[in-house]
Amino acid sequence: MATVQLQVLFGLRVRELREAAGISQEAFANKHGFARSYMSKIERGKANVALDGISRLAEALGVEPKVLFEASSRAGLATQRERQVQVPFAADGTFFNPSLRQRTAGTFAVGPKDDRRTFDDFEDALAFLKTMDPPKWWRPNSKGHQGLVRGVRWGLLPD
């Protein structure tokens with residue numbers, strides 16, 4: 001399993017356990033000595049958590065450290081939900097999808113150049129795209145630079 005995928009699954013599990021405890025990300029971070037921005041990175045799978053951090057998270061969540069590595073029910077639900085969602089397609093057949101998260105910022109960029117918005121969550125970015133006519137999003141071009149794409153139709157997110 002790739003490190004990045006493990007980080008994402010770990011983050012989903014931490015978020016699931018925190019939410020099950022009924023505490024907001026900010027309150028959890030403040031109560032247990034984590035920076036809120038770091039908690040956000042953990043839960044989005046953007047942080048490579050050290051062993052002492054894993055231990056502190058487990059203790060704060062009231063679980064054994066191994067529980068943090070158990071499959072999250074969100075992982076399967078997220079995949080299932082993504083398959084049933086409508087996304088905008090460009091004229092070339094490409095479409096807005098979860099892999100378009102920008103590497104450096106870790107966000108999804110949508111909107112025209114003069115009103116570019118970024119979102120941490122794919123679903124939030126997609127909700128904003130649904131308010132646009134036509135939808136516009138940013139993706140890497142053949143040279144790896146971000147380019148603006150214009151949607152021409154909506155369709156189901158392919159597998």
* **Spatial distance of atom CZ (Phe128) from atom CG (Asp115) [nearest 0.5 Å]** => 5.5 Å

* Linking I/L/V/M/F/W/Y whenever any side-chain heavy atoms sit under 4.5 Å apart, do Met132 and Val152 land together? -> no

* Are Pro134 and Lys136 close enough that some pair of their side-chain heavy atoms sits under 4.5 Å apart? -> yes

* **Derivation of the side chain to side chain contact (heavy atoms under 4.5 Å, CB included) call for Trp137 and Leu129** => CA-CA 8 Å; Trp137 66 97; Leu129 283 170; 4.3 Å; yes

* **side chain to side chain contact (heavy atoms under 4.5 Å, CB included) assessment of Leu156 paired with Gln86** => CA-CA 4 Å; Leu156 285 177; Gln86 294 275 326; 3.5 Å; yes

* Asked: Can you tell if the side chain of Leu51 reaches within under 4.5 Å of the side chain of Pro65, non-hydrogen atoms only?
  -> no

* To do: Using a strict 4.0 Å threshold on nitrogen-to-oxygen distance, state whether Glu59 and Arg56 make a salt bridge.
  => no

* Asked: Should Val110 and Arg116 be marked as a side chain to side chain contact (heavy atoms under 4.5 Å, CB included) after you check the CA-CA gap, both sets of side-chain angles, and the distance that decides it?
  -> CA-CA 6 Å; Val110 299; Arg116 183 176 170 153; over 6 Å; no

* Is a side-chain N or O of Asn97 found less than 3.5 angstrom from the main chain of Phe95, in a donor-acceptor match? -> yes

* Check Leu17 against Val67 and note the closest heavy-atom contact, atom names and distance. => CD1-CG1, 4.2 Å

* Asked: Under 3.5 Å, side chain of Trp138 to main-chain N/O of Gly111, donor-acceptor pair present?
  -> yes

* Asked: Any side-chain heavy atom of Arg44 sitting closer than 4.5 Å to one from Val8?
  -> no

* Asked: If only atom types and distance count, is the side chain of Arg117 paired as donor or acceptor with the main-chain N or O of Ala109 below 3.5 Å?
  -> no

* **Distance under 6.0 Å and angle within 45° of ring axis: Arg18 vs Phe28** => no

* Straight-line distance of Ser37 OG to Lys46 NZ, nearest 0.5 Å -> 15.0 Å

* Looking only at non-hydrogen atoms, find the nearest pair between Gln7 and Gly45 and report the distance. => NE2-O, 3.2 Å

* How long is the gap from CG on Asp92 to CZ on Arg150, to the nearest 0.5 Å? -> 12.5 Å

* Heavy atoms, side chains only, cut-off 4.5 Å: are Leu61 and Leu68 in contact? -> yes

* Asked: Between atom CE of Met39 and atom CZ of Arg15, what is the distance when rounded to the nearest 0.5 Å?
  -> 10.5 Å

* To do: Report the distance from atom CG of Asn48 to atom NZ of Lys41, rounding to the nearest 0.5 Å.
  => 12.0 Å

* Working for ring pair (Phe, Tyr, Trp, His ring centres under 6.0 Å), residues Phe96 and Phe122 -> CA-CA 9 Å; Phe96 186 72; Phe122 172 74; 5.2 Å; yes

* Step-by-step side chain to side chain contact (heavy atoms under 4.5 Å, CB included) determination, Phe69 to Phe10 -> CA-CA 6 Å; Phe69 295 94; Phe10 179 85; 3.7 Å; yes

* To do: Looking only at non-hydrogen atoms, find the nearest pair between Ala125 and Phe108 and report the distance.
  => CB-CB, 3.8 Å

* Does any donor atom in the side chain of Thr107 or Arg101 lie under 3.5 Å from an acceptor atom in the other side chain? -> no

* **Single-linkage hydrophobic cluster Leu100~Leu148, side-chain heavy atoms < 4.5 angstrom** => no

* To do: Could you grab the distance from atom CG of Leu9 to atom CD of Glu16, nearest 0.5 Å is fine?
  => 11.0 Å

* To do: Considering non-hydrogen atoms only, spot the tightest contact between Tyr38 and Ala47 and give its length.
  => CE1-CB, 3.8 Å

* **Donor-acceptor side-chain pairing of Gln146 and Arg139 below 3.5 angstrom** => no

* With a 4.5 Å heavy-atom cut-off, do Arg153 and Pro88 have their side chains touching? -> no

* May I ask you to test the Ile42-Leu57 pair for a side-chain heavy-atom distance under 4.5 Å? => yes

